[in-house]
There are 2 protein chains.
Amino acid sequence: MNPFISLLLFLLPIISLFITTSVSGSPLKIPRLSPTGGTFVHGNYFANDQPKALSALDQNDFETFYYTQTLDHFNFRPDSFTTFQQRYLINSKYWGGSNVSAPILAYLGAEESIDTDLAIIGFLSENANQFQALQIFIEHRYYGKSIPFGSREEAFKNASTIGYFNSAQAIADYAEILIHVKKQLHAEDSPVIVIGGSYGGMLASWFRLKYPHVAVGALASSAPILYFDNIIPPEKGYYFIVTKDFQEASETCYQTIKKSWSVIDEIASKDGGLSILSKKFHTCSLLNNSSELKDYLKSVYARAAQYDSPPRYPVTVVCGGIDGASSGNDTLSKIFAGLVAYRGNRSCYVNQPGNLSETDIGWGWQTCSDMVIPISISNGTMFQPDLFDLEAYIKSCKAKYGVPPRPRWVTTYFGGHDIKLALHRFASNIIFSNGLRDPYSSGGVLEDISRTVVAVHAKNGSHCLDILRANHTTDPGWLVEQRKTEVHIIKGWLAKYYADLQAFK
Amino acid sequence: MNPFISLLLFLLPIISLFITTSVSGSPLKIPRLSPTGGTFVHGNYFANDQPKALSALDQNDFETFYYTQTLDHFNFRPDSFTTFQQRYLINSKYWGGSNVSAPILAYLGAEESIDTDLAIIGFLSENANQFQALQIFIEHRYYGKSIPFGSREEAFKNASTIGYFNSAQAIADYAEILIHVKKQLHAEDSPVIVIGGSYGGMLASWFRLKYPHVAVGALASSAPILYFDNIIPPEKGYYFIVTKDFQEASETCYQTIKKSWSVIDEIASKDGGLSILSKKFHTCSLLNNSSELKDYLKSVYARAAQYDSPPRYPVTVVCGGIDGASSGNDTLSKIFAGLVAYRGNRSCYVNQPGNLSETDIGWGWQTCSDMVIPISISNGTMFQPDLFDLEAYIKSCKAKYGVPPRPRWVTTYFGGHDIKLALHRFASNIIFSNGLRDPYSSGGVLEDISRTVVAVHAKNGSHCLDILRANHTTDPGWLVEQRKTEVHIIKGWLAKYYADLQAFK
């Protein structure tokens, strides 16, 4: 079967699996990107292990505002002038004020409600005091409470209403709100640093590139801006890193996982095989085919790798389960032991019932419009190969939404090909930070582009780890260092900005 | 009467006046911007004095292509995927080829058919040989043969169809075509220099800012990118420079013009006064009010100043007529003598019949959507004051097109406020060239922003003079120098680009 179609077939149960957790679980969520171009891996499996970024008390320091936002910045059709209420939150507790042009740290919302980010993003609240900075969190259009057309139902009705939902419009929204806020506060000279993670990190770097007159710098955490239009070689992509993470954690664990797929296929192909697999993995409902199970496991490994964070290090947890199973056990028992170690004891696994979250729905559209991230599983990984088939992808998006995606728009509008050549003598003040264990780091900028457009990465880091959560006593030294480096670089930008401000104004 | 309403009242006859010339006259046209925010001054009054940029033979070296262009780059609505055929022309006569990554000089079309530009723009054809450059001229959407919706009638029917006609969409068009052409020619590594004049100069500089991965540099000739959102003080704007030009040419001429308005008003206020004025100025039809005459004269002076170019120097011509009239003559006879000197002997002046050109219609829309250029006539000029009234302007645009303009969109999207502060450490490789006699230079960048974003100006230069026409034996030394300087700077960009290409690729 076409690998893409097979992927689609199993999309729904996988999504359901993870949603249950995020719906019934903690309010924390982690910024995410789809690792499989349409299949969403999210939820938070180790929320309880993590210190929250903001205590409830700190959250009270945020005041909520709504900006009357233009639906369509780029046309002047009658519909373009439709407006909607866009939410943003401001915390001025530590702000030095407009009279000293004290800075503004602006978090650019991504594919989730801003409430989610507010609870989990640590970078702003941790550093607001030392920067004497205003904090602002802006919600992305079509998420949370920033829904055009009066309701989610109307906004997501069809391509005519959802068609305004894309990254170019989103960063134009941010520009309008930041200009508005600065004006309201008489803070026109206050330098803005935009901050984002994952998709939001892409937005932050693109914001600095497109609106340098609004933001003096950007911290783009785990932003895979090169994961478009085949800039990176498919065989060195997402699942290559997942594989590397597991192999580095444990060679035997990696071997067990690598072997497991054909074992599953073999059992599934037998009479009553799906029953056996369902029983073995305690599935919540009977498996309809082996891919339901395989895609579920793939997502578990992907997620563990993407968020392979201290203090728990999920890859180690999974491998601990797999390797710790008594040696007499068969391969699938080991795999199941890994699953239990990661997800804990549950009444059932796989095919859990659940509804689509707003992130599933929103990001589903985004990956079928401008965010076409071509994730392949190549030979040489611990997975069965599954190559990204652009033609089939386009077809399926068209069938789903009535309009095709534009897989080359991101590189047309934002660039990406030969990025060092393009930006070495253009642009400034962007940090591309990555954790090299994060499978999305394969699409990140890992090399300095110039003296001020720089790559900061942590070998053992994971997805967005540097901007997530508050500092914590359990943070390893390299994470403390990475955060320090970022703060130090931003301080340098601000110092130069203030010198320029004095010289030129 | 509200000065804006009075302006509108006399829009049509003035437009008609100038159109006749351009329709019946030579095929040459000069890139222009409306100097009165809605009133269009164009046509070419001294076409025969000017050497053409391209002989018919050279024009034959251009091959015409059409690109299937996306109507709406920034949304994913069903309508957004509508396409239209966009025209561009290529001349590869001097191109060094893709194997040496020889450069591409790209002229970005503005508010006219590309045929117009092809005939008059000299910079590309003059320098293609020494740069071994490919030349490409791209037509702006909604002009010439690059009309969406199948016909001009459909395209301009209402705001739903004309609403896609704006600068952000236009430069996205250019990005797509340039990427396409480079791919077709296997010239991905060929550096592109974008070139434009007036509105097209704004597009060129904005293109470099928004698409640095597509163009390595921009020559923006007479681009008043600061003439938005009150960045420049209204009293130092367009008509301040017109006044300065006339006063520098001749104090008595300036005094005569300054005095003439009240003389006209006085006569007009008398019984039969409009008849007297009509007779005095040989108007093509009886004047309906004094403003028809005053706006006509204002436009003549504005045009003479904007295009105060060698070898004829129209301001000197007008003042020659005014000052040369025998001293016994009354003020209006002098004014008429100036008019005749400038426009030549004609059967009649003022209120000439004629149709709106596509530039009138197109630029009329553009100034009522994103290109809101707030031109005031202040005290201290040689004109009667006429302040720009934004509220009335918005109202009138809305009445005309059904949608309001967005006067702050240009500064939101492209910036402009505190430009040196914003771009001193961002961006590179832009030349802002200006002739200081050009009234639009008041909105130009006249000071270096950084080492590579530079201002080149000629004290005696006029609108777009540096990129217009072929070099000519009558060119004054300062013009020859200005063009040399620009070529020298571009050569520097290319040298650095080729070094980077070798280092990074």
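Order of the sequence lines sets the chain letters (A, B, ...), proteins ahead of strands, with each chain counted from 1.
The most heavy-atom pairs under 4.5 Å with chain A, out of B/Lys420, B/Lys210, B/Arg425, come from B/Arg425. Note on B/Pro404, B/Cys368, B/Ala168: by heavy-atom pairs under 4.5 Å with chain A, the leading option is B/Pro404. Listed options B/Ala422, B/Ser428, B/Pro405 were ranked by heavy-atom pairs under 4.5 angstrom with chain A; first place goes to B/Ser428. Annotation: maximal heavy-atom pairing with chain A below 4.5 Å, among B/Ile162, B/Asp418, B/Ile171, B/Leu423, occurs at B/Asp418. Chain A forms the most heavy-atom pairs under 4.5 Å with one residue out of B/Ser369, B/Gly416, B/Gly402, B/Ala175, and that residue is B/Ser369.
Under 3.5 Å, the side chains of A/Tyr142 and A/Gln366 contain no donor-acceptor pair of N or O atoms. With no hydrogens or angles considered, no side-chain donor-acceptor pair links A/His140 and A/Asp173 at under 3.5 Å. Residues A/Thr411 and A/Asp229 have side chains that bring a donor and an acceptor to within less than 3.5 angstrom of each other.
Using a 4.5 Å cut-off between non-hydrogen atoms, the part of residues 490-505 of chain B that approaches chain A consists of B/Lys496, B/Tyr497, B/Asp500, B/Leu501, B/Phe504, B/Lys505. For residues 179-193 of chain B, heavy-atom neighbours of chain A at less than 4.5 Å comprise B/Ile179, B/Asp189, sorted by residue number.
Between A/Phe165 and the options A/Trp363, A/Phe149, A/Tyr143, A/Phe84, a ring pair (Phe, Tyr, Trp, His ring centres under 6.0 Å) holds for only A/Tyr143. Considering A/Phe81, A/Phe76, A/Phe74 as possible partners of B/Trp409, the one that fulfils the ring pair (Phe, Tyr, Trp, His ring centres under 6.0 Å) test is A/Phe74.
Interface residue B/Arg406: backbone and side-chain heavy atoms are both found under 4.5 Å from chain A. B/Tyr401 does not touch chain A: none of its heavy atoms, backbone or side chain, sits under 4.5 Å away.
Among all heavy-atom pairs drawn from A/Thr452 and A/Ala427, the shortest one is OG1-O, 4.3 Å.
Salt bridge annotation for B/Arg77-A/Asp72: absent, with no cationic side-chain nitrogen under 4.0 angstrom from a carboxylate oxygen.
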